[in-house]
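Note that the coordinates shown come from a computational prediction; the quantities given were computed from them, not determined experimentally.
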Amino acid sequence: MSAGADGSGGAAAAARSREGSPAEDGFVPSALGTREHWDAVYERELHTFREYGDTGEIWFGEESMNRLIRWMQKHKIPLDASVLDIGTGNGVFLIELAKFGFSNITGIDYSPSAIQLSGSIIEKEGLSNIKLKVEDFLNLSTKLSEFHICVDKGTFDAISLNPDSAIEKRKQYVKSLSRVLKVKGFFLITSCNWTKEELMNEFSEGFEFFEELPTPKFSFGGRSGNSVAALVFQKT
């Protein structure tokens, strides 16, 4: 489960829409925040892959994946470090990690079709060292814990748009993250919903801000900014 792409895409535009929202937190509730939406998306993508071999969209673009991997290389994250991709979708990020030599990587998604799709793509790539699980991050099994790195590319965004108790779901997300991540472990999040300052507030309990990653800038009406925020937190 993830949403959006650097600087473009209908999902990103919808995710950033806040004005006129009746929601308490300022976000417009959207189908992008529901399991039904993502089940339908990945059922279509699974059919397309089986029919044409198309792996589907790379959320936030290839540069986003490379940005995260460059950070891991820069900080000399061991290749056997345990990595969890939260809302793995089509699993393309896991494949890139495996190609760079990471050997202890896991992808979870609450959509069975997403896990089927990622499994099919991983099998086509001839990779066998990637673990996949159908798992709702807000209602975790007891088996997921002690990860060195957790990565989110749009899952927290989607949760923020859930029409039903999005604020409570965000709080549960933070609790789940604290549960699966090792002390001193790193959390890498890419978002088109949230600014740096907002993310720092959302993850202020149990985590400390570690670093901001460079993202594409836009200019409009004489002002410039970033359409995407990419931050690293460390569990305290």
For the residue pair L94 and I105, what are the closest heavy atoms and their distance?
O-CD1, 3.4 Å
Please tell me whether S191 and D157 have a donor and an acceptor in their side chains that are separated by less than 3.5 angstrom.
yes
Listing request: all ring-ring contact (aromatic ring centres under 6.0 Å, His included) pairs with a residue in residues 78-98, at least two apart in sequence or in separate chains.
none
K76 meets the salt bridge (charged side-chain N to carboxylate O under 4.0 Å, His left out) criterion, sequence neighbours left out, with none
Using side chain to side chain contact (heavy atoms under 4.5 Å, CB included), reason through L161 and N193 one step at a time and then give a plain yes or no.
CA-CA 9 Å; L161 301 173; N193 273 16; 3.9 Å; yes
Non-hydrogen atoms of L138 and K169 that approach each other most closely
CD2-O, 3.5 Å
Where do W194 and A229 come nearest, in terms of heavy atoms and distance?
O-CB, 3.4 Å
How about K235 and K184: do any of their side-chain heavy atoms sit closer than 4.5 Å?
no
Between D109 and A114 (side chain of the first, backbone of the second, donor and acceptor by atom type, cut-off under 3.5 Å), is there such a pair?
no
Could you list the residues that satisfy side chain to side chain donor-acceptor pair (under 3.5 Å) with S82, not counting sequence neighbours?
H148
Worked check of side chain to side chain contact (heavy atoms under 4.5 Å, CB included) between F207 and T236
CA-CA 5 Å; F207 301 88; T236 55; 5.8 Å; no
Over 60° means perpendicular and under 30° means parallel, so tell me whether F233 and F203 are parallel, tilted or perpendicular.
tilted
By side-chain contact (heavy atoms from CB on, under 4.5 Å), S145 pairs with (sequence neighbours left out) none
Gap separating the CD atom of Q73 from the CG atom of L68, nearest 0.5 angstrom
11.5 Å
Holding to side-chain contact (heavy atoms from CB on, under 4.5 Å), I want the full list of residues that pass it with S103, two or more places apart in sequence or in another chain.
D80, N129
For R179, what residues pass the salt bridge (charged side-chain N to carboxylate O under 4.0 Å, His left out) criterion, not counting sequence neighbours?
none
Once salt bridge (charged side-chain N to carboxylate O under 4.0 Å, His left out) is applied, do any residues pair with K131, and if so which ones, sequence neighbours excluded?
none
Only counting residues at least two apart or in another chain, list the ones meeting side chain to side chain donor-acceptor pair (under 3.5 Å) with S141.
E135
Heavy atoms of L181 and C150 approach each other most closely as CD1-SG, 3.8 Å
I need the minimum non-hydrogen distance between S118 and T88, along with the two atoms involved.
OG-CG2, 4.4 Å
With heavy-atom distances below 4.5 Å as the criterion, would you say the side chains of L132 and I122 are in contact?
yes
Validation row: I149, I77 side chains within 4.5 angstrom (heavy atoms):
yes
Here the pair of heavy atoms bringing P112 nearest to V134 is CA-CG2, 4.0 Å
Note, I108 side chain near L144 side chain (heavy atom, < 4.5 Å)
yes
Restricting to side-chain contact (heavy atoms from CB on, under 4.5 Å), what partner residues turn up for V232, sequence neighbours left out?
W71, F186, L188, F210, E211, L213
Side chains of F147 and K182 in contact at under 4.5 Å (non-hydrogen atoms):
no
Rounded to the nearest 0.5 angstrom, the CD1-OH distance for I115 and Y110 is 12.5 Å
Report the distance from atom OG of S120 to atom CG of N90, rounding to the nearest 0.5 Å.
11.5 Å
Sorted by first residue and then second, give each salt bridge (charged side-chain N to carboxylate O under 4.0 Å, His left out) pair with at least one member in residues 85-95; sequence neighbours left out.
D85-K153
In Å and rounded to the nearest 0.5 Å, what is the CG to CD1 distance from L140 to I86?
8.5 Å
Is E168 reaching over with its side chain to a backbone N or O of S165, donor-acceptor style, under 3.5 angstrom?
no
Suppose we screen for ring-ring contact (aromatic ring centres under 6.0 Å, His included). Which residues come up paired with Y173, at least two apart in sequence or across chains?
F137, F156
Value rounded to 0.5 Å, distance of CD1 in I95 from CE in M65
9.0 Å
Of L177, L84, T190, I189, the residue whose pairing with D152 passes side-chain contact (heavy atoms from CB on, under 4.5 Å)
I189
May I ask you to say whether E125 pairs ionically with K99, meaning some side-chain N is under 4.0 Å from a carboxylate O?
yes
If you measure from OG on S111 to CG on D136, what distance do you get to the nearest 0.5 Å?
11.5 Å
I would like to know whether Q234 and F187 meet side chain to side chain contact (heavy atoms under 4.5 Å, CB included); could you show each step before the answer?
CA-CA 6 Å; Q234 188 170 31; F187 172 54; over 6 Å; no
Only counting residues at least two apart or in another chain, list the ones meeting salt bridge (charged side-chain N to carboxylate O under 4.0 Å, His left out) with E96.
none
